[in-house]
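Right, one structure below, let's go through it.
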Amino acid sequence: MLIGATLAVFVVMTLAIIRGIMGSSLYDRILAVNMFGTKTVLLIALLGFIMGRPEFLDIAIVYALINFITVIGVLRYSDSAAFKQPAEEKRPEEL
Amino acid sequence: MTFLVGIAIAIVWMKDLIAVVMLAGIYGLLSASFFVAMDAVDVAFTEASVGAGISTLLMLVAITITGRSEQTTRHKPALAFFVVVITGGLLIYGTIDMPYVGAVDAPIQVHVAPRYINDSMQEVGVPNIVTSVLASYRGFDTFGEAVVIFTAGIGVLTLLPMVRSRKSDEAIESLNESMHERHMVVRIVAKILIPFILLFALYVQFHGDYGPGGGFQAGVIFAAAIILYAILFGLPAARRVINQSFIQFVAAFGVLLYGSVGLVSLLNGGNFLDYSVLSADPIAGQHLGILLIELGVGCTVTSVMVIIFFHFAGRKEGKQSMKEEETR
Amino acid sequence: MDVAIEITSAICLLIGSFLCISGGVGILRFPDFYTRMHAVGVTDTLGAGMILIGLMLQSQDILVIAKLVMILLMLLFINPTASHALAKAAIHNGLKPVLGNKERNNTESESSSR
Amino acid sequence: MVIGLYNYWIVVALMMIGFYIVIAHGNLIKKIVGLTIFQTSVFIFYISMAKVDGGTAPILADGIERFSNPLPHVLILTAIVVGIATTALALALTVRIKEAYGSIEEEHIQEKDNQAC
């Protein structure tokens, strides 16, 4: 059962990577990274149980936190003018 | 594993630097999960917090300063490809002589590792062998690493001196107001989360003897919490919390703490960084020594990471405000 | 009793895996950013929660359960927040949904940003 | 044979990709990403060497006999943190180059250097 869940997570990771590589807009990529991070948390928790060493859960916690920080950071800096794609319409920035 | 190669190839073809950085973030996460599968828990811990978190952020900030798109020119790609293929072929030819992955009788497994695994419990008394090797057997190496990190911090400090932001307090206030409106939800959640992150960093710091963790990882996580605060509440607010001179002092303090533990053991009649003489009981001495030097490493790593981030972000904001003044 | 717990945990893992895979298919197949985010944001949280609950049922150690609860809580906090911030940033920077007429666009983007 | 050496081949492939980026691309940030890939391939190499079949993470616990080799873990752990420090230094240099030359493309920088001579 655990192994089945692990395989499922692997499949989802593959899909997320494909989206991350294809991703037509920047936000698609951020979304893929976010999803990938969540899946990594699950994967590590599952791996810990399969190997019978649940100490691994500490790493899963770190992943959850770091993932959040990364996404927020990316979004915060994607607000700045340098990030605007040329194709997008330019809006006046208040930052 | 094969994912890694796919992502790396994709990185080669991407022109948009932000996409490259996002993919590099996925790459970091992926390599960290590979480390978990290979039983390297501590390494996965570090790679998770460093490769996926801090380095992605730093590259992003650097890109916002330098611009996002790459020019299409490549230098002699055919020649480069040729060189790469030749080198790769030679390296693969070299791997044919390597022992298989996971072989029990490979030379690396029989030389010095059994001694660490069998004796570290009696000699150091710490269940996590990685910590005992890091802090005790190879303490001198780790001292060097701490100094390298400290030096890198100094390097960034000298390369990117602070640009004094000439914005008035009012401008900062109004900026804060507008940001508060826009990032309300995120800010509130972050306010709840940051204490937990800090607490978790302390747990990692002091639990490093028994589980995965230690000074390096804890330092990075601690710095990540501070960076999150700086991202969401603005650099000036973060500077008010973490004073510039204070953080520089902490960076130096960490290295000095590490060095002085070594000196004290020297004065007590042992070798440099031999903790057994720190206390009457050798095991207790080892515990004390490892605790202290992990603390030193944690201090240095935290403050250097924070310094690096502050200087990058401060550079960016300084440039922005200068541009705004030019346009006025 | 043990068998009951075993079965429950298996069911939880199964549901979680199914939700995750459907989210994965969603992120690949849906036509534009907002629908993709809808697929991921909804299924991810519940799917991850289900898998974690399934693991919780399998473990005996109280410390392990506590850590799993911590991960679960963090995911519950973090995932919706990240989705929200993502949607907000996307709208703010002028990424338009592609499907349908104008009214449908508005409702869609609103529902996905929640 | 195929399974036993597969990890090392992946390492070589990654290393070569990183190497290719470093020599063939003109953009400095891209070069730094390439260096990171190269670096990670070395990490993977070390960690693969440390793996022991049937072993677990090197944290002592009751009832576990076989552990993977802790020494490469230690080396790589510190190397990762040092790696981020050097990456930060490289990025700082890039930022300064951007400010001094107005570009981070290698060719533009060289042109400007030639003009100055």
Side-chain angles (χ1 to χ4, degrees), chain A residues 9-10 13-14 16-18 20-23 25-37 39-41 43-44 47-48 50-51 53-86 93-95, chain B residues 3 6-7 10 14 16 18-19 21-23 25-26 29-30 32-33 36-37 39 41 44-45 48-49 52-54 56-57 60-61 63-69 175 178-179 182-183 186 189-190 193 196-197 200 203-204 207 210-213 217 220-221 224-225 227-228 231-232 313 316 320:
Chain A
V9 172
F10 258 123
M13 280 165 106
T14 322
I17 287 180
I18 296 174
I21 292 174
M22 276 178 16
S25 75
L26 166 65
Y27 297 102
D28 280 320
R29 296 213 167 89
I30 303 177
L31 186 63
V33 172
N34 187 15
M35 182 177 177
F36 198 85
K39 290 297 162 305
T40 323
V41 173
L43 181 71
I44 289 176
L47 274 182
I50 288 175
M51 294 183 185
R53 309 278 316 244
E55 291 101 333
F56 290 9
L57 286 175
D58 286 357
I59 312 176
I61 298 179
V62 175
Y63 267 78
L65 295 173
I66 292 296
N67 192 26
F68 177 65
I69 293 174
T70 315
V71 171
I72 297 300
V74 172
L75 289 175
R76 170 73 174 74
Y77 283 103
S78 68
D79 275 354
S80 68
F83 268 45
K84 287 259 173 169
Q85 278 175 347
E93 283 282 333
E94 69 257 56
L95 276 179
Chain B
F3 288 169
I7 289 190
M14 293 279 176
D16 186 347
I18 292 179
V21 171
M22 295 322 301
L23 284 182
I26 294 188
L29 282 172
L30 205 52
S33 16
V36 172
D39 297 332
V41 196
F45 220 116
S49 41
I54 306 272
T56 316
L57 274 182
L60 270 175
V61 182
I63 287 176
T64 52
I65 301 177
T66 55
R68 89 180 264 189
S69 67
L175 186 75
S178 72
M179 267 179 59
R182 277 187 50 201
H183 298 292
V186 184
V189 173
L193 275 181
F196 281 107
I197 302 180
F200 184 67
Y203 164 78
V204 171
H207 195 258
Y210 302 98
Q217 293 94 330
V220 176
I221 297 171
I227 288 174
L228 178 65
I231 287 171
L232 282 175
K316 173 174 162 280
Q320 262 179 8

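The model shown is predicted, which means the values in this text are computed figures rather than measured ones. So you know, we letter chains A, B, ... as the sequences are listed, proteins then strands, and number each from 1.
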Heavy-atom closest pair, residues [X] and [Y]:
X: B/Ala48; Y: A/Ile66; answer: O-CG2, 3.7 Å
X: A/Thr40; Y: B/Ser33; answer: CG2-OG, 3.8 Å
X: B/Leu57; Y: A/Gly73; answer: CD2-CA, 3.7 Å
X: A/Ile69; Y: B/Ala225; answer: CD1-N, 4.4 Å

- request: Taking the side chain as every heavy atom from C-beta outward, state whether B/Val204 and A/Asp58 have any atom pair closer than 4.5 Å.
  value: no

field: Validation row: B/Thr56, A/Val33 side chains within 4.5 angstrom (heavy atoms)
entry: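 A side-chain contact is absent here, since even the closest heavy-atom pair is not under 4.5 Å.
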
message: Heavy-atom pairs under 4.5 Å with chain B: which of A/Ile44, A/Ile50, A/Leu47, A/Ile61 has the most?
response: A/Ile61

message: According to ring pair (Phe, Tyr, Trp, His ring centres under 6.0 Å), who are the partners of B/Phe196, at least two apart in sequence or on a separate chain?
response: none

- prompt: Who passes ring pair (Phe, Tyr, Trp, His ring centres under 6.0 Å) against A/Phe68, sequence neighbours left out?
  reply: none

message: For the interface with chain A, which of B/Ile197, B/Val220, B/Ile54 has the highest count of heavy-atom pairs at distances below 4.5 Å?
response: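 Most heavy-atom pairs within the cutoff with chain A belong to B/Ile197.
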
task: Measure B/Leu193 against the heavy atoms of chain A and call it side chain, backbone, both or neither at under 4.5 Å.
output: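 B/Leu193 touches chain A through side-chain heavy atoms alone.
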
message: As an exercise, state the distance from CD1 of B/Ile231 to CD1 of A/Ile72, rounded to the nearest 0.5 Å.
response: 8.5 Å

